[in-house]
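Below is one structure, written out as structure tokens; the observations come after it.
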Amino acid sequence: MMVGMELRVFTEPQQGATYDDLLRVARATEDLGFDAFFRSDHYLGMGTEGLPGPTDAWTTLAGLARETSRIRLGTLVSSVTYRYPGILAIQVAQVDQMSGGRVELGLGTGWFEAEHRAYGIPFPAKRFGLLEEQLEIVTGLWGTPVGEKYGFAGEHYTLEDSPALPKPVQQVHGRPGVPVIVGGNGPVRTPALAARFASEFNLSFPELDTVAEKFARARAACAAIDRPADDLVLSAALVLCVGKDEAQFRQRAEAIGREPDELRAHGLAGTPDEVVERLGWLREQGASRAYLQVLDLADLDHLELVASEVAPQLG
């Protein structure tokens, strides 16, 4: 039995889901004892029309904030191209209030150019500077004491005399804020940003033989700024496909259009014991949290199997 591995349900609604679909999954997430419900932040299906069409991530999370009571809620990840940082800070703080302090913000550079073209969203070629400034602004707005003003002058954004309101319910390092998740494959700049601004460093669908090295870079980035390495949560997001036996596993693989061998090589896949073994391996690399990418949102029995046959073995 391993200690300290949280399981979070991670959905991809752009592939085809209504708010009611997501609500059913979120309620199952809560009822079955999972730690959190997260969703991607995309506006275009990938390889599919995604009928009936996209749902906005923060609108969805606002609704779920009022219709759940325990689970954490967040994005993996919102793109800096979608929103101005001041507006994003207000949205996230408001949803945090609506949830009673259960929100987390995953923030990244964005990568899917086609969705930007489809909905008229600017997609600059260089976006890392946007991410760095947005992280500084969002956390700076939240952390400014009530009654004081916040200002920022950068290459991409300028804020003048902002009242820096509203504030989230939660606190991070003794001041208002929500946990921020930063992730990516960059060898230097991304871990450095995580060390400076984030509560969590996430690897989304990594090649498994790179996990140890990438986690080591995040820990080294913390050491470089004298931040305790164990202050930064390390996590990974991997596709989930588990069956009570081989036949059911293969049925679920077919339902999501994936090859069983490929799923076993790259994800949390196979029988419950195989998934427990993979999660144990992740824990040995330093991860204390796993995001289970659930691609068939109608198959709530899938989540029930993980809750009954996998979670109890994790401690």
Would you say [Y] and [X] are linked by a side-chain donor-acceptor pair, where the criterion is simply a distance under 3.5 Å?
X      : Y      : result
Tyr157 : Gln134 : yes
Ser79  : Trp111 : no
Arg252 : Gln248 : yes
Gln14  : Glu12  : yes
Thr75  : Asp41  : no

Test item: [X] side-chain N/O and [Y] main-chain N/O as donor-acceptor pair under 3.5 Å:
X      : Y      : result
Gln170 : Gly177 : no
Gln15  : Leu295 : no
Arg189 : Gly186 : no
Lys167 : Thr144 : yes
Thr68  : Ile71  : no
His302 : Val242 : yes
Ser99  : Asp96  : yes
Arg289 : Val233 : no
Arg24  : Tyr19  : no
Trp58  : Val92  : no

- Message: Walk me through whether Tyr43 and Tyr82 qualify under ring pair (Phe, Tyr, Trp, His ring centres under 6.0 Å).
- Response: CA-CA 10 Å; Tyr43 293 116; Tyr82 295 161; 4.9 Å; yes

Under a 4.0 Å N-O cut-off, is there an ion pair linking [X] with [Y]?
X      : Y      : answer
Glu160 : Lys149 : no
Arg196 : Glu132 : yes
Asp56  : Arg39  : no
Arg278 : Glu274 : no
Glu104 : Arg8   : yes

Is it true that atom [atom1] of [X] has more than 12 heavy atoms of other residues, nucleotides or ligands lying nearer than 6.0 Å?
X      : atom1 : answer
Phe205 : CZ    : yes
Arg66  : CZ    : no
Glu254 : CD    : no

Considering non-hydrogen atoms only, spot the tightest contact between [X] and [Y] and give its length.
X      : Y      : value
Ala164 : Leu141 : CB-O, 3.3 Å
Val275 : Leu268 : CG2-C, 3.8 Å
Phe249 : Ala269 : CE1-CB, 3.8 Å
Val178 : Val103 : CB-O, 3.5 Å
Ala307 : Pro312 : O-CD, 3.2 Å

- What is the ring orientation for His116 with Phe123, classed by angle as parallel under 30°, tilted 30 to 60°, or perpendicular over 60°?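 Ring orientation, 0 to 90° scale: tilted.
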
- Message: Same cluster or not: Leu131 versus Phe197, using hydrophobic residues (I, L, V, M, F, W, Y) connected whenever any side-chain heavy atoms lie under 4.5 Å apart?
- Response: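 Hydrophobic grouping puts Leu131 with Phe197.
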
- Item | Worked verdict on Ser69 versus Arg102 for side chain to side chain donor-acceptor pair (under 3.5 Å) | CA-CA 9 Å; Ser69 60; Arg102 294 184 284 124; over 6 Å; no

- Item | Arg27: partners by side-chain hydrogen bond (donor to acceptor under 3.5 Å, both in side chains), with sequence neighbours left out |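 Scan of Arg27 (side-chain hydrogen bond (donor to acceptor under 3.5 Å, both in side chains), adjacent residues dropped) gives Glu67.
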
- Enter the distance from Arg127:CZ to Thr109:OG1 here, rounded to the nearest 0.5 Å.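 One gets 5.0 Å once the value is rounded to the nearest 0.5 Å.
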
- Message: Could you measure the distance from the CZ atom of Arg283 to the CG atom of Leu279? Nearest 0.5 Å is fine.
- Response: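 The CZ atom of Arg283 sits 11.0 Å away from the CG atom of Leu279.
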
